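What follows is a single structure, written as structure tokens, with notes after it.
We name chains A, B, ... by the order of the sequence lines, and we start the count at 1 in each one. Keep in mind the model is a prediction, meaning the values are calculated, not measured.
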There are 4 protein chains.
Amino acid sequence: MPRGRRVNSSGEKSKKLLLDIATELFSKYGYHKTKISDIVKAANLTQPTFYLYFENKESLYRDLILQFKNSFLENLDRLKEEAKGGNLIDLLHRHLTVLFQYFASNPYLTKIGFYQAEESEELKAKFSKVLEELLAERIEFSEHDPRIFAHSLVGAIERVTLMLLFTKEKEPEQLASEIINVYFPKTAVCKS
Amino acid sequence: MPRGRRVNSSGEKSKKLLLDIATELFSKYGYHKTKISDIVKAANLTQPTFYLYFENKESLYRDLILQFKNSFLENLDRLKEEAKGGNLIDLLHRHLTVLFQYFASNPYLTKIGFYQAEESEELKAKFSKVLEELLAERIEFSEHDPRIFAHSLVGAIERVTLMLLFTKEKEPEQLASEIINVYFPKTAVCKS
Amino acid sequence: MPRGRRVNSSGEKSKKLLLDIATELFSKYGYHKTKISDIVKAANLTQPTFYLYFENKESLYRDLILQFKNSFLENLDRLKEEAKGGNLIDLLHRHLTVLFQYFASNPYLTKIGFYQAEESEELKAKFSKVLEELLAERIEFSEHDPRIFAHSLVGAIERVTLMLLFTKEKEPEQLASEIINVYFPKTAVCKS
Amino acid sequence: MPRGRRVNSSGEKSKKLLLDIATELFSKYGYHKTKISDIVKAANLTQPTFYLYFENKESLYRDLILQFKNSFLENLDRLKEEAKGGNLIDLLHRHLTVLFQYFASNPYLTKIGFYQAEESEELKAKFSKVLEELLAERIEFSEHDPRIFAHSLVGAIERVTLMLLFTKEKEPEQLASEIINVYFPKTAVCKS
DNA sequence: AATGAATGAGACTTCATTCAT
DNA sequence: GATGAATGAAGTCTCATTCAT
């Protein structure tokens, strides 16, 4: 059997390939059920090659989480900055749209960072906090806890992303609009 | 440690102990990070004892999931039955209260069955479906998808349970009320 | 659960029961595939009871082997003693009859001692030796090795016991006759 | 021992080594008393290496049995085909010679497949059947059951292989001749 | 740049055996 | 005489990781 460098092979290409496959497998099957052997098999490479590009299994996973986390927090920071003035609903709408766009473009990473990772709780908590502050300033939550509202919104985003965005049943922009509609009904026409 | 029966030992006690510890550890650390050795160590027993009372690690975990699933689906069935007549908001309020009460009484089991288990997705999807039908009958969602509303509600429940119920910041009844308030704002003229 | 001595129970009866079941299971499934738990389960007793009557698994098995061995060697000794005078064929016929009778009466023990046990090789070798000497004295094995004849006879006995005696297709006496007929054809109509 | 590839190591060599050692140990000590740790220790390798080349302990054992079984049955088929015409004794002589040659060349495999394996009973029964048919066509078994003859022959082969072939006291060809002589005596000098 | 070959560490599980009642 | 409850010891197998080429 021939060994060594393959014709037409390139380090960067292999690394990218491994990274993409790892992301997909981790997102689909979780950290523990995804074996290095699975990853390299899917990439048509071998196990030592994996260690050529990544320190080890865990650090790769952590990197993926971190990557999501950074994007997410960056987004959140932007939201906070923009928060000063302007219309709340417009603001939220813009933010959700961007968020859903990112989620839709990076479903695997999102699955890992927003659903699987232990840190995902932290992210969601932060998100809630920001929303809470945002809302507290503007809306009169006459008799109810603003935290409920904030957590609910985050939960809705979480669930809707999974059920309607990842399944491609809804587009990011539309989803943002509809979520907004639910939480800020224009005219709540509710007959029993 | 000497072999054989311990002084003052009782099978039922040991089994219960192991079950409780296993439930707690699984819920805290997940299936893979929880070793049988951890479970028995915490129970001050040895590994073979585990197999005296449980078939194996996986089947114990599955049993826990099943236990949650049964309770949850039973609850859901009750909701469906009661759905025929009556005021929607009252109905939901009662159901959520019961649900939150169950969650609060069984936090570890809930963590496993509603958050960790692969089947949890299925449960939530079913929950959404039921809610969707319930709502569709009564409310006029003028221009928006009732699924959004249903998924959002489920997501809210999920998140709020984790952040406010499990942390004991809210009581089940109150949480139910507040969630209802968010989704059916009084000033939103939604009387039945 | 009640513990302690059962009504109507008797130590000797339990011991005999365990012994019989153990013999059957060992003979059917072999030493390794037969578990103490299987034995006591079949006897409707519990594991500690086993140790009340037997030192341990191996020693019980060894006892069974020894029991067979003793009977077998005793038989062999009788054959050697009777060997001095008399008609060879009659002698063999009588011996085989007795042997087959013992085998037929103790199929489980025979299975263990003559087929499974490592010592069975030793027994068969001894058997061969005795036959060889017996034959050597009387028959003129013009040009062939008497060992072949002796080993063949033992092999025939071994196989025929399994296939025709244990299956109850043949009675001990008849089997003895027929074997003799094969090895000492009266009218050796042996055309090529 | 350091991890990773050894100097001068080769997969095929290791696999063959393990296979050979396993065959020997299984044949000598049986399935249960042969531990994987014994096999790899004898090969100066470690346990995971075993799993690099074999599915697991049982499947390796089954493979060995199958290997023997295939050779044996192939042989038997040839015997059946050649059975149509020709001299019976010559036929048998040729067959036994080939059989003994195979046994002598593969003593470990034969020990496993013809003596230890549960399937060995099936093989011997088939062998008997074939012999029985072969004999029934040609010889006049005036008053005796041909099965006796067939089973005896198989038993003789079994025993003689163990006692004279494996010990290298006899060559395959000679053993075949002598067995034939016993069962088809030229001049049956059978005085009592 | 990549692979073939191997291992350390550890998890799960089984089974004979033993105490305490 | 018998059992309920437990364990020591060991075996099989898996997986991430590493050396030598």
Side-chain angles (χ1 to χ4, degrees), chain A residues 1-15 32 34-38 40 45-53 55-58, chain B residues 1-15 32 35-38 40 45-53 55-58, chain C residues 1-15 32 34-38 40 45-53 55-58, chain D residues 1-15 32 34-38 40 45-58:
Chain A
M1 287 262 160
R3 226 172 287 169
R5 180 173 186 161
R6 302 233 197 107
V7 272
N8 254 342
S9 71
S10 128
E12 278 313 304
K13 234 173 29 193
S14 290
K15 175 166 186 176
H32 291 285
T34 301
K35 301 179 230 152
I36 304 271
S37 59
D38 296 334
V40 297
L45 290 167
T46 61
Q47 306 207 31
T49 304
F50 178 92
Y51 290 91
L52 220 54
Y53 300 113
E55 174 136 13
N56 56 35
K57 184 184 175 184
E58 187 172 352
Chain B
M1 223 175 271
R3 263 202 251 189
R5 182 176 195 156
R6 305 260 194 86
V7 270
N8 229 335
S9 70
S10 139
E12 278 312 308
K13 233 165 50 186
S14 293
K15 178 168 184 174
H32 291 285
K35 323 286 184 217
I36 295 195
S37 59
D38 297 333
V40 297
L45 289 166
T46 61
Q47 301 216 32
T49 304
F50 178 92
Y51 292 91
L52 218 54
Y53 301 111
E55 177 114 16
N56 55 38
K57 184 183 171 184
E58 183 170 356
Chain C
M1 287 260 161
R3 229 174 283 170
R5 180 174 188 162
R6 302 233 195 110
V7 273
N8 254 342
S9 71
S10 129
E12 279 312 306
K13 235 171 33 189
S14 289
K15 175 167 187 175
H32 291 285
T34 301
K35 302 179 230 156
I36 304 270
S37 61
D38 296 334
V40 297
L45 290 167
T46 60
Q47 306 206 30
T49 304
F50 179 92
Y51 291 90
L52 220 54
Y53 300 114
E55 175 136 10
N56 56 37
K57 183 184 176 184
E58 186 171 356
Chain D
M1 219 173 274
R3 264 201 251 189
R5 182 176 196 158
R6 306 259 196 85
V7 268
N8 227 338
S9 70
S10 139
E12 277 312 306
K13 233 167 49 187
S14 292
K15 177 168 186 175
H32 291 286
T34 302
K35 323 287 185 218
I36 296 196
S37 59
D38 298 333
V40 297
L45 288 167
T46 60
Q47 301 216 31
T49 304
F50 178 92
Y51 293 91
L52 217 54
Y53 300 112
F54 309 103
E55 176 114 21
N56 56 36
K57 183 182 171 184
E58 183 169 356

Sugar-phosphate, base or nothing in reach of L52(B), heavy atoms under 4.0 Å: base
Show each protein N/O and nucleotides 13-17 of chain F N/O combination with a separation under 3.5 Å, one pair to a line.
residue : atom : partner : partner atom : Å
dC13(F) : OP2  : Y51(D)  : OH           : 2.6
dC13(F) : OP2  : K57(D)  : N            : 3.2
dC13(F) : O5'  : Y51(D)  : OH           : 3.2
dC15(F) : OP2  : K35(A)  : NZ           : 3.4
dA16(F) : OP1  : K57(A)  : NZ           : 2.9
dA16(F) : OP2  : I36(A)  : N            : 3.3
dT17(F) : OP2  : Y51(A)  : OH           : 2.7
dT17(F) : OP2  : K57(A)  : N            : 2.9
dT17(F) : O5'  : Y51(A)  : OH           : 3.2
dT17(F) : O2   : R3(D)   : NH1          : 3.2
dT17(F) : O4   : Q47(A)  : OE1          : 3.4

Most 5' of R6(B) and K15(D) on DNA chain E, judged by nearest nucleotide: K15(D)
DNA chain E: 5'-proximal contact among T49(A) and Y53(D) (nearest heavy atom): T49(A)
Side chain to side chain contact (heavy atoms under 4.5 Å, CB included) involving R3(B) - partner list, sequence neighbours excluded: none
Axial bend angle, the helix from dA2(E)-dT21(F) to dT21(E)-dA2(F): five-pair end segments, nearest 10°: 30°
Pairwise distance CD1(I36(C)) to OG1(T49(C)) - rounded to 0.5 angstrom: 11.5 Å
S14(A) side, atom OG; L45(A) side, atom CG - distance, nearest 0.5 Å: 5.0 Å
Considering all heavy atoms, the nearest K57(B)-F50(B) contact: N-CE2, 3.9 Å
For the student: nearest non-hydrogen atoms of T46(D) and V40(D), plus distance: O-CG1, 3.6 Å
dG4(E) OP1/OP2 closer than 4.0 Å to side-chain N/O of S10(D): no
Distance test, side-chain N/O of S9(B) to OP1/OP2 of dA5(F), below 4.0 Å: no
Selection from dT7(F), dC19(E), dA2(E) that lies nearest to any side-chain heavy atom of R5(B): dC19(E)
K35(A) side chain vs H32(A) backbone, donor-acceptor pair below 3.5 Å: no
